[in-house]
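The structure appears below as structure tokens.
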Protein chains: 4
Amino acid sequence: MEEKRDRKIQIVVGALKLFAEKGYYRSTIPDIAGSLGMSSGNLYNYFHSKEELAQEAIRYISSYLAIRIREVNESKKSSREKIEDIVRIYFETARDEPQMIDFFLRVYLSNREVFSDGCEGMVCVNEFITEIMIFFEEGVANEELRNQDFFTAFGLFMGYLGGMVFLYGERMLPKALESYIEDISENIYRALGV
Amino acid sequence: MEEKRDRKIQIVVGALKLFAEKGYYRSTIPDIAGSLGMSSGNLYNYFHSKEELAQEAIRYISSYLAIRIREVNESKKSSREKIEDIVRIYFETARDEPQMIDFFLRVYLSNREVFSDGCEGMVCVNEFITEIMIFFEEGVANEELRNQDFFTAFGLFMGYLGGMVFLYGERMLPKALESYIEDISENIYRALGV
Amino acid sequence: MEEKRDRKIQIVVGALKLFAEKGYYRSTIPDIAGSLGMSSGNLYNYFHSKEELAQEAIRYISSYLAIRIREVNESKKSSREKIEDIVRIYFETARDEPQMIDFFLRVYLSNREVFSDGCEGMVCVNEFITEIMIFFEEGVANEELRNQDFFTAFGLFMGYLGGMVFLYGERMLPKALESYIEDISENIYRALGV
Amino acid sequence: MEEKRDRKIQIVVGALKLFAEKGYYRSTIPDIAGSLGMSSGNLYNYFHSKEELAQEAIRYISSYLAIRIREVNESKKSSREKIEDIVRIYFETARDEPQMIDFFLRVYLSNREVFSDGCEGMVCVNEFITEIMIFFEEGVANEELRNQDFFTAFGLFMGYLGGMVFLYGERMLPKALESYIEDISENIYRALGV
DNA sequence: GATGAATGAGCTTTCATTCAT
DNA sequence: AATGAATGAAAGCTCATTCAT
């Protein structure tokens, strides 16, 4: 039983990688199964459909990022420092596990029809959004961040990071992603701080 | 000959709309041709492939937005005011011609393989980026904007706007898109201003 | 346009033959297309699904038999003679166009799930049943047939003929099908006559 | 060993039910095994293939009906009464154990390819047919029934009953099946009697 | 005997593209 | 220019059967 759960996670991780590289529609079930050394028929013993696989993938990513941001939220740092921590987490993930961010940007955000049954609204990225919300609201409560509409702040933060990772993926950035952390964090703080 | 050029534009506009609504892989050539009242065979008299059609579409969008931003750049307004004008243009386009922004976010940014032969790097959105670059560099030259890495600024500006339109498209924003213009412009100015 | 209608009929006739020979689930779309010298992709330019093809087939058969029975109904013969004519039509069809009766017995009657959307109840065999009903009611009106429940009579008539054709198909009958016409008609008349 | 025989019968009974409900090709081995609370692998310890299972099912049904008809044959009743008894047995089975008759009509009669190796001709329904034959020949010997070709009589009897149960299954009969027993028996007797 | 993961062939259906008309 | 029938490769998914445990 435990084994089956482990295998499911292995499959999600493998599928995630392929989806992120080639997109949802260009990744075929035989591709995914093959990359895991299994037959495509067998894959259906673990997941009922390709869509379900993609939905599990986005849940996995949301959880992965949420765990790391939760640590930041639980620290005693200032909002300015927390911004930098979150930017770092995001960029390090983009560097070390690029499929995570790429899946998010290129599969989840773009192929909404794949997620419309089972991941309506933002239910499958809820964990992640919740942590960003906690970060923001604590900053406001501590009078370190301006009290503005959450989505206005959220759009800036996440749109910005997503945009940078996209430029990075397109090899449009002249320097390594990490070298932008300081400037970007400063820009975000200027926008959101009191 | 002139006629043929007009018909090509009509086709691009029609294809653009369908691609934006249903995504690249879910839009079929018969779909596109049908929505234009023509046969799929005939469509191939104007474009050699589905990819070419998508590439023309992104060029069209880039040009469409560039023209409007050029007007802003040519005005005598302050950078603070220009930011607001650009945000307004972007949001008004998202409201009145949603396919333009949606194609950009959901087709161009996500199905990179479609654009890898013919739109490498950013050549197909060059016109648009150039105008943003002009806006930024003039602001720096006038000492209204801080002199920072262009991509750091660009990522913030465009990532932010894209993020907001995405949230809007997902019906996650409680208010109309335009009502955020003021706050968002302020956030951008705080981040980029001197 | 007319051509397309003709081609559709050709396809129905071809599919009908295969379905009758091998059953619905053992007849594959490539089989059907191949037997008609066309590609399976092209078949979908004429019919939207395998089910639709089967439904058109039963409508075709129902119409084919109804036309022939209508001629009997329009004749001035006695009910006793009409019974014999109908039995003859049924058996001659079974001999000359065996796929018609076989499809009816082995596909339509047995794979009800295939017909549940679009041929609910008996709507796709309505034409045929209507003619049998006319035969019966006129016989009753003329006081040649006993006035009994229609289904009691219909079940006998059609169950009997179907049963004989089944035995014939299984090569269980020692003699040719036609040589039973006289005896069977007599049995039916004994059962239904006044 | 005796246990194994019992388990085999249980499996046949369970498979029979599923086959009758969903058809042969729509019933999967995991379905059948699952409905019996066993694994599909284990089912293969009892039967070598899906086909074998279906063949055992029809043998079981043939035997089930034969036993009941044998009782009728062994009674001292007239042919007219025996007809009514057989009709009643058939209809009561259709009501109380519908899978028996449904399997016969919808699986055995229709998917001949499944039975072509192992149940050629009528060998798997031999027991049942033999009893009907005994009924008929005794009736002829007693001069209660006309001396006609056995198949002519058999086709009427069984085709009729099968047709009525089919109409019943399609919910086309306005009344309960049993209420037709009297009329149908009368029709059969008129057809077959001296 | 019992399990269920694994296989792999085969299914229906889709669709970009071609080409005779 | 215009049509749409035709192709054929490939997709997602199913399932009887096997076999290591």
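A, B, ... follow the sequence lines: proteins, then strands. Residue 1 opens every chain. Please read all numbers here as calculations on a predicted model, not as lab measurements.
- Legend: side-chain hydrogen bond (donor to acceptor under 3.5 Å, both in side chains) pairs involving residues 10-19 of chain B, not counting sequence neighbours, sorted by first then second residue: R7(B)-Q10(B).
- Residues satisfying the ring-ring contact (aromatic ring centres under 6.0 Å, His included) criterion with F166(C), sequence neighbours excluded, are absent altogether.
- For F19(D), the ring-ring contact (aromatic ring centres under 6.0 Å, His included) partners are Y24(D), not counting sequence neighbours.
- F115(B) and V107(B) make their closest contact through CE1-O, 3.7 Å (heavy atoms, listed as atom of the first residue, atom of the second, distance).
- Within the structure, salt bridge (charged side-chain N to carboxylate O under 4.0 Å, His left out) contacts touching residues 30-46 of chain B (residues at least two apart or in different chains) are K22(B)-D31(B).
- The interatomic distance linking K4(A) (NZ) with dA5(E) (C1') rounds to 8 Å, in whole Å.
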Look for any protein N or O under 3.5 Å of an N or O in nucleotides 19-21 of chain F and output each such pair with its distance, or none.
none

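- For S62(D) (side chain) and I58(D) (main-chain N/O), no donor-acceptor pair under 3.5 Å exists by modelled atom type.
- Against DNA chain E, the stretch residues 45-53 of chain A makes heavy-atom approaches under 4.0 Å through N45(A), Y46(A).
- Note on ring orientation: taking the six-membered ring where Trp is involved, the planes of Y25(D) and Y25(C) are tilted (angle from 30° to 60°).
- Residues forming a salt bridge (charged side-chain N to carboxylate O under 4.0 Å, His left out) with K8(D) (at least two apart in sequence, or on another chain): none.
- Formation of a donor-acceptor pair under 3.5 Å by the S63(C) side chain with backbone atoms of Y60(C) is not found in this model.
- Between L43(A) atom CG and dT14(F) atom P there is a gap of 12 Å when expressed in whole angstrom units.
- For residues 97-112 of chain A, every residue pair satisfying the salt bridge (charged side-chain N to carboxylate O under 4.0 Å, His left out) rule, not counting sequence neighbours, is listed here: R106(A)-E170(A), R112(A)-E170(B).
- Looking only at distances, no side-chain donor or acceptor of Q55(D) sits under 3.5 Å from a matching main-chain atom of L53(D).
- In this structure, R5(C) atom CZ and dG4(F) atom P are separated by 18 Å, rounded to whole Å.
- Between its opening and closing five pairs, the helix from dA2(E)-dT21(F) to dT21(E)-dA2(F) changes axis direction by 0°, a value rounded to 10 degrees.
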Give the table of side-chain donor-acceptor pairs shorter than 3.5 Å for residues 37-47 of chain B, with sequence neighbours excluded, one pair per line with atom names and distance.
{"residue": "S39(B)", "atom": "OG", "partner": "N42(B)", "partner atom": "N", "Å": "3.2"}
{"residue": "N42(B)", "atom": "OD1", "partner": "N45(B)", "partner atom": "ND2", "Å": "2.9"}

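- Contacts with DNA chain F (heavy atom under 4.0 Å) in residues 21-36 of chain A: S27(A), T28(A), I29(A), P30(A), listed by number.
- Residues R7(C) and S40(A) each lie close to DNA chain F; by heavy-atom proximity, the contact nearer the 5' end of the strand is made by R7(C).
- Pairs engaging residues 40-62 of chain D under the salt bridge (charged side-chain N to carboxylate O under 4.0 Å, His left out) rule: E56(D)-R59(D) [sequence neighbours left out].
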